[in-house]
Amino acid sequence: MKITAISIFPEYFSPLDLSLIGKARNQSLIEFSAINLRDFTHDNHHTVDDTPYGGGAGMVMKPEPWGEAIDSVIAKGSTPIELVILTPAGKKFTQRVAEEMVGSEHLLFACGRYEGIDARVAEYYRSVTNIRVHEISIGDYVLNGGEVAALVMIEAISRLIPGVIGNPESLAEESHNEIGALEYPTFTKPAQWRGLTVPEVLMSGNHGQIAQWRRDEALRRSKLAE
Ligand code: SAM
């Protein structure tokens, strides 16, 4: 899968060199690149923002550098692009959305800063062939920029690509799976730690009882989280 991020802080994406995603990149399961939006400005100060029409606090990201940066990505390939514009006003990112997006050929993340990106950027690319626009929020809070939101999405989507997680079975039993239940509590050795004991059933070797205990705990946890 191809993943591109456009940002004024491309260095923000250095964690993608690490851990399972770094390994998946080395194995060419993921092809990632970060583009600096300021490379698509034409003034000495590399300006990407301006005052909002209608007045008000803060600055808005100008459409021209965004248009040129996105066009440069489109020009490099003919595959369909999912243009993800990160915004707290977008559709909520969930495990279901991650599952839908893992089938994509190319995810292009537009990471806003300031008060966000001029609204015409989303409107314009909705009319462009081979581009699908998704305005996405990772939760009901406001971040300083879209980079952290893009990292969250990239990690949640990438781990669903076959081969990225060593044991694919671990994906099936996880929280937020299709049934919607959360995962049961997990324990490892030692059996005693600071006066706390692992539930006896898990050490019983009785697979039927263990499975039942896990189902009950998953339901109990899911109810508590509602
Ligand atoms: N003025 C905007 C509003 O109230 O909706 C907030 C802009 S925020 C300070 C700057 C950028 O951070 C946004 O353009 C977006 O890219 C990113 N951002 C902030 N919160 C986010 C969230 N919950 N989900 C996704 N992106 C977010």
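One-based numbering, in listed order, for ligands and for the atoms of each. These values consider heavy atoms only, across backbone and side chains, with no hydrogens, waters or symmetry-generated copies.
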inquiry  = For D17, is there an ion pair with R25 - N to carboxylate O distance below 4.0 angstrom?
reply    =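 Yes, R25 and D17 are salt-bridged.
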inquiry  = Counting only heavy atoms and a distance below 4.0 Å, can you name the residues contacting ligand 1?
reply    =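 Residues L86, T87, P88, G112, R113, Y114, E115, G116, I136, S137, I138, G139, Y141, V142, L143, N144, G145, G146, A149 each place a heavy atom under 4.0 Å from ligand 1, listed by chain and number.
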Is there a donor-acceptor pair closer than 3.5 Å between any side-chain N or O of [X] and the backbone N or O of [Y]?
X    : Y    : answer
N130 : S78  : yes
S158 : E155 : no
Y184 : R221 : no

message = side-chain hydrogen bond (donor to acceptor under 3.5 Å, both in side chains) for T4 and H106? Distances and angles first, verdict last.
response = CA-CA 8 Å; T4 309; H106 190 171; 2.7 Å; yes
request  = For residues I85 and H134, determine if any side-chain heavy atom of one lies less than 4.5 Å from a side-chain heavy atom of the other.
outcome  =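 With C-beta onward as the side chain, the pair stays apart.
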